[in-house]
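Computed from a prediction, not measured in an experiment: that's the story for all the values here. As a basis for the values below, the full set of heavy atoms in this structure was taken, side chains included, without hydrogen atoms, waters or symmetry mates. Below, chain A is the first sequence line, B the second, and so on; all start at residue 1.
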Number of protein chains: 2
Amino acid sequence: MAKIQGKRNSTKKEVIIEKASRLFREKGFGAASMRDLAEHVGVEAASLYNHIQSKSEILQTICFKVANEFMTNLEAVEASNQSTLKKMEAIIRLHIRMMLDQYEFVYIADHEWRHLPEPYLSNFLNQRRNYRKRLGDILEEGIGKGEIKAIDPYVAVLVILSAISGIDSWQRSRKSTSAEALESNMVKYLIEGLKK
Amino acid sequence: MAKIQGKRNSTKKEVIIEKASRLFREKGFGAASMRDLAEHVGVEAASLYNHIQSKSEILQTICFKVANEFMTNLEAVEASNQSTLKKMEAIIRLHIRMMLDQYEFVYIADHEWRHLPEPYLSNFLNQRRNYRKRLGDILEEGIGKGEIKAIDPYVAVLVILSAISGIDSWQRSRKSTSAEALESNMVKYLIEGLKK
DNA sequence: ATAAAATGCTAACGACTGTTAGCCAATTAT
DNA sequence: ATAATTGGCTAACAGTCGTTAGCATTTTAT
């Protein structure tokens with residue numbers, strides 16, 4: 001049975017996935033070994049397999065957890081009755097926040113999905129394509145209604161998502177740019193390019 | 001002696017690096033094996049070592065080749081007498097072009113630098129920090145002269161570079177967006193956010 | 001033609017990979 | 001108290017990794 005861990009309010013499987021996310025980001029999925037991971041969890045490598053089925057399963061869990069979270073949020077935004085600009089701002093802000101406080105997970109979903117085994121790889125890429133398509137549709141609708149500038153929606157989505165995912169190279173140590181300032185400045189830049 | 005290859009106007013070392021760049025991008029540095037690479041070059045794994053010294057050396061060559069190319073261009077732009085907007089546009093266009101026609105190399109310098117061994121890793125990161133700093137200085141000067149909008153230069157650099165590096169997820173197959181259209185649309189979006 | 005250098009090959013080393021088997025102790029359920 | 005389950009351990013497997021040694025062949029220089 002999956003019981004509650006003593007210290008924290010999380011199962012050991014969750015601890016494993018959390019530690020793994022850090023390791024996968026630092027070394028890359030291929031270069032991170034199960035023995036490495038085991039050491040960080042405080043256990044022998046073989047013992048990991050009492051909680052997970054394979055190394056790939058960890059990657060799958062992380063990637064689809066992130067994908068589902070973004071997708072759920074997108075659906076909420078789509079169903080809302082805001083203006084196009086407000087919708088885009090909501091999405092942009094969510095992406096930035098996710099990047100800031102679920103950094104490891106988002107990073108892996110962004111950069112290590114290549115190592116997903118089939119059929120999960122195709123599945124993941126389909127979801128991603130679908131997500132971007134629907135973001136583009138929001139922009140296109142906004143253009144049709146004359147709410148935003150007539151920019152190529154595909155390029156705009158590319159720019160917005162890539163810009164945010166680039167926060168991974170942000171130097172958290174810099175005092176000059178706090179998380180809040182980063183978010184507001186980035187929103188400003190990205191939204192400004194959409195306004196008429 | 002490093003002699004000229006029969007077919008092409010390139011040494012075998014260059015062929016190895018070219019094939020490796022493709023492989024490193026597809027599988028990641030850690031997951032790409034020398035035996036894999038050897039097969040693509042048409043040779044046994046051990047024979048590679050007649051032309052290179054190690055797997056890491058290939059990564060180093062690629063990363064610093066790209067870094068030097070960008071740095072050289074930046075110096076030319078800095079020395080020029082253009083307006084801030086023109087300077088930024090020149091830099092943006094170069095980045096996009098590099099991304100489009102030296103895709104594999106740029107991708108690796110962007111994503112696989114983590115696997116550089118010390119002291120090359122520190123060296124590379126220093127160069128990158130320096131590059132971004134100087135891009136930020138160009139923007140700051142433009143703001144001081146009142147040529148562009150008073151945006152946070154650090155964030156602007158982050159957005160611009162990240163947006164361009166995100167072209168790696170661009171679907172070349174899409175007929176709807178040619179390389180030229182992509183470039184002009186992207187420049188438009190990114191430059192627009194800088195204008196007053 | 002002969003020497004020298006470059007480049008290929010096979011075989012192998014030692015280290016490391018993800019994962020499984022089998023056993024034992026601790027915890028939980030009856 | 002006893003049985004059942006969970007989760008830890010050690011040992012090991014079969015495979016792959018980057019790399020080196022030693023030898024053979026081809027190409028270049030003299």
Q: Return whichever of Q53(A) or S33(A) has its heavy-atom-nearest nucleotide of DNA chain C closer to the 5' end.
A: S33(A)

Q: Specify the separation, in whole Å, of atom CG of D36(B) and atom P of dT17(C).
A: 18 Å

Q: Donor-acceptor check, side chain of E147(B) to backbone of T84(B), threshold 3.5 angstrom: yes or no?
A: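 Confirmed, E147(B) side chain pairs with T84(B) backbone.
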
Q: Using atom NE2 of H115(B) as one end and atom C1' of dG18(D) as the other, report the distance to the nearest whole Å.
A: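 Checked: the NE2 to C1' distance equals 15 Å.
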
Q: Between H111(B) and F29(B), is the ring centre distance below 6.0 Å?
A: no

Q: Give the rounded distance in Å between these two atoms: CZ of R35(B) and P of dG8(C).
A: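 For the pair R35(B) CZ and dG8(C) P, the rounded distance is 17 Å.
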
Q: Could you check which of dA11(D), dT17(C), dC9(C) has an atom nearest any side-chain atom of V43(B)?
A: dC9(C)

Q: Please pick, from dA21(D), dA12(C), dT17(C), the nucleotide with the shortest atom-to-atom distance to any side-chain atom of A46(B).
A: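 The closest nucleotide is dA21(D).
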
Q: Would you mind reading off the distance between Y49(A) atom OH and dT6(D) atom C1', rounded to a whole angstrom?
A: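 So the OH-C1' distance, Y49(A) to dT6(D), works out to 19 Å.
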
Q: Counting just side-chain N and O atoms, does H51(B) come under 4.0 Å of either OP1 or OP2 of dA6(C)?
A: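 No, because none of the side-chain N or O atoms of H51(B) sits under 4.0 Å from OP1 or OP2 of dA6(C).
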
Q: Which part of the nucleic acid, if any, lies within contact of A38(A), taking any heavy atom under 4.0 Å across all strands shown: a base, the sugar-phosphate backbone alone, or nothing?
A: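 The residue A38(A) makes no contact with any strand.
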
Q: How is S47(A) classified with respect to the nucleic acid when contacts are heavy atoms under 4.0 Å: base, sugar-phosphate, or nothing?
A: base

Q: Could you check how far CE of M34(A) sits from P of dA11(D), rounded to whole Å?
A: 20 Å

Q: Quick check for you: among dC17(D), dC9(C), dT19(C), whose closest atom lies nearest to any side-chain atom of E44(B)?
A: dC9(C)

Q: Quick one: E39(B) CD to dG18(D) P, roughly how many Å, whole number?
A: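 Taking CD of E39(B) and P of dG18(D), I get 14 Å after rounding.
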
Q: Compare side-chain N and O positions of K12(B) against OP1 and OP2 of dG8(C) and report whether any pair is under 4.0 Å apart.
A: yes

Q: Of all the heavy-atom pairs spanning P153(A) and E140(A), show the shortest one and how long it is.
A: CG-OE2, 3.9 Å

Q: What is the separation between atom CG on L48(B) and atom C1' on dT7(C), rounded to the nearest whole Å?
A: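 Going from L48(B) (CG) to dT7(C) (C1'), I get 11 Å.
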
Q: Ring centroids only, cut at 6.0 angstrom: are H95(B) and Y131(B) within range, meaning strictly under it?
A: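 H95(B) vs Y131(B): aromatic centres under 6.0 Å.
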
Q: Would you kindly give the CG-to-P distance between N50(A) and dT6(D), to the nearest whole Å?
A: 10 Å

Q: Please check: side-chain N/O of E141(B) versus main-chain N/O of D137(B), any donor-acceptor pairing under 3.5 Å?
A: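 The answer is no, because no donor-acceptor pair under 3.5 Å joins these two groups.
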
